[in-house]
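Position 1 is the first residue of the sequence; numbering continues from there. Order of appearance sets the numbers: ligands from 1, and atoms from 1 within every ligand.
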Amino acid sequence: MASKTKDQKPHHIAIIMDGNGRWAKQRLLPRYAGHKAGVETVRRVIKFCSENDIKALTLFAFSSENWRRPKQEVSLLMDLFMTALQREIDTLHKNNVCLRIIGNKKAFSEKLQKLIADAEEQTKNNSGINLVIAANYGGHWDIVEATKRLAARVEQGQLQSSDINESLLATEISLADLPEPDLFIRTGGEKRVSNFLLWQLAYTELYFTDTLWPDFDKATFTKALESFATRQRRFGRTADQVEQENA
Ligand code: IPE
Ligand code: IPE
Ligand code: MG
C-alpha cells in the first residue's frame with residue numbers, strides 16, 4: 001500500500017458522474033440533454049487520464065437503483081449507452097483502451113449484451129488505460145455475487161467455509177485484478193457513495209466537487225489530482241510512522 005510521497009498520483013480513479021439532470025434543468029433543457037453532454041465529458045476524462053498515465057478509470061454510468069427513474073429516462077439512458085458504445089468502440093480500440101463493463105448485465109437487452117461482449121472481446125488485449133463502466137451496478141450486488149461464487153465452491157467441496165477470509169472474498173469482487181481505487185470523485189455536490197464500489201472504496205481518498213458532470217473539465221480534474229497529491233495515506237498507522245517510512 002502506498003503512502004503519501006512527493007507528486008503522489010492516483011493509479012485508479014473511480015468517478016460518480018452526477019449532475020447531468022441539474023445541468024440540463026439550469027438550461028431549461030430536457031434531462032436527456034444533460035446525459036448527452038455527459039457523454040462528451042466521458043470522452044474528455046478518458047483522454048485526460050490517458051495523458052496523465054492513470055492505469056484505471058471506473059465510471060458509474062447506471063446504478064442498480066436507477067431503474068426507479070421514469071421509464072422514458074431509463075430507456076433513453078439505455079439507448080445512449082448503446083449508441084455511445086457503438087460509436088466509440090473503434091476509437092477506444094485505436095487508443096489502446098481496454099474496456100470492461102461491470103454490473104448485472106443480464107437485465108440489458110440481448111442486443112446491448114452482445115455489443116458489450118463484442119466490445120470487451122475487441123479490446124481485451126489492449127495495454128493502455130483500463131476503462132471500466134459500471135452499468136446496472138450496485139456495491140451490494142457485487143458483494144452478494146462474490147459471496148455466491150464462494151458458496152458454490154463450498155458446495156462443490158473445493159473450499160471449507162472456515163477458509164473464507166477477507167483476501168479470498170476480495171479475489172471474487174469486481175476489479176480484483178486492477179490496482180485498488182485510490183481516488184474517488186463525485187461531481188454534482190452530493191456527498192454520498194450511492195451504492196458504488198462499497199468493498200473497493202474501503203481506503204480510497206474521497207473528493208467531492210459541486211461541479212456538474214457536463215461541466216467537469218481539465219481544470220476541475222486537475223484540482224482533484226492536486227487534492228489527492230496532498231493526502232497522507234496512513235492505512236491505520238500514525239503520521240509519524242508514515243513519515244519515517246518515507247524519509
Ligand atoms: C447522473 O446524473 C447520471 C445518472 C445517474 C445516469 P443525474 O441524472 O443523476 O443528474 P441529477 O443528479 O439529476 O442532476
Ligand atoms: C449515482 O447517481 C449513480 C450514477 C451516477 C450512475 P444518482 O444521481 O442516481 O444518485 P442518488 O440517487 O442521488 O444517490
Ligand atoms: Mg443524480
Working to the nearest 0.5 angstrom, can you tell me the gap between N95 CG and S50 OG?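 N95 CG to S50 OG: 7.0 Å, rounded to 0.5 Å.
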Can you tell me how far the OG1 atom of T123 sits from the NZ atom of K94, to the nearest 0.5 Å?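 Between T123 OG1 and K94 NZ, I get 14.5 Å after rounding to 0.5 Å.
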Identify which of R69, R192, E190 has a heavy atom lying nearest to atom 7 (P) of ligand 2.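 Checking each option, the heavy atom nearest atom 7 (P) of ligand 2 is found in R69.
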Out of N66, I15, N20, T187, who gets a non-hydrogen atom closest to atom 9 (O) of ligand 2?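 The nearest heavy atom belongs to N66.
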Can you tell whether the side chains of [X] and [Y] come within less than 4.0 Å, N to carboxylate O?
X: K114; Y: E110; result: no
X: R100; Y: D177; result: yes
X: E226; Y: K223; result: no

Just need the protein heavy atom nearest to atom 14 (O) of ligand 2, so name the residue and atom and give the distance.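 The closest one turns out to be S194 OG, 2.6 Å.
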Among all protein non-hydrogen atoms, which one is nearest to atom 8 (O) of ligand 2, and what is the separation to 0.1 Å?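 Result for atom 8 (O) of ligand 2: D18 OD1, 3.1 Å.
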Side-chain contact, heavy-atom cut-off 4.5 Å: L99 with L85?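 Yes. Closest side-chain heavy atoms under 4.5 Å.
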Taking the side chain as every heavy atom from C-beta outward, state whether I101 and F81 have any atom pair closer than 4.5 Å.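 In contact.
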Does [X] reach ligand 1, in the sense of a heavy atom lying below 4.0 Å from it?
X: G188; answer: no
X: R31; answer: yes
X: G38; answer: no

Counting distance only, does the side-chain N/O of N130 pair as donor-acceptor with the main-chain N or O of A56 below 3.5 Å?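 Side chain of N130 to backbone of A56, a donor-acceptor pair under 3.5 Å: no, none is there.
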Restricting to N/O/S, name the atom of D18 that gets closest to the Mg ion (ligand 3).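 Output for this pair reads OD1.
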Is_contact(atom 11 (P) of ligand 2), protein non-hydrogen, under 4.0 Å: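 Within 4.0 Å of atom 11 (P) of ligand 2, protein heavy atoms are found.
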Proximal ligand 1 atoms for [X], defined as those under 4.0 Å from one of its heavy atoms:
X: H35; result: 3 (C), 8 (O)
X: R22; result: 11 (P), 12 (O), 14 (O)
X: M17; result: 1 (C), 2 (O), 3 (C)

Assign the ring pair F60 / Y137 to parallel, tilted or perpendicular, where the plane angle (0 to 90°) is split at 30° and 60°.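 Perpendicular, since the angle between the ring planes exceeds 60°.
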Atoms of ligand 2, numbered as shown, that sit under 4.0 Å from any heavy atom of I16: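 Once the distances to I16 are compared, the set is 1 (C), 5 (C).
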Sub-4.0 Å atoms of ligand 2 with respect to non-hydrogen atoms of F62: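 In order of numbering, the contacting atoms are 6 (C).
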Please find the pair of heavy atoms, one from C49 and one from I13, that lie closest to each other, and give the distance.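 So the two residues come closest at SG-CD1, 4.4 Å.
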Side chain, backbone, both or neither: which applies to A61 and ligand 1 if a contact is any heavy-atom pair less than 4.0 Å apart?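 For A61, only backbone atoms sit under 4.0 Å from ligand 1.
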With a 6.0 Å cut-off on the ring centroids, do Y203 and F235 count as close?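 Yes, close enough.
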Between the Mg ion (ligand 3) and E190, is there an N, O or S atom separated by less than 2.8 Å?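 It does not; every qualifying atom lies at 2.8 Å or beyond.
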Is the shortest distance from a heavy atom of R186 to ligand 2 less than 4.0 Å?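 It does, in that a heavy atom of R186 comes within the 4.0 Å cut-off of ligand 2.
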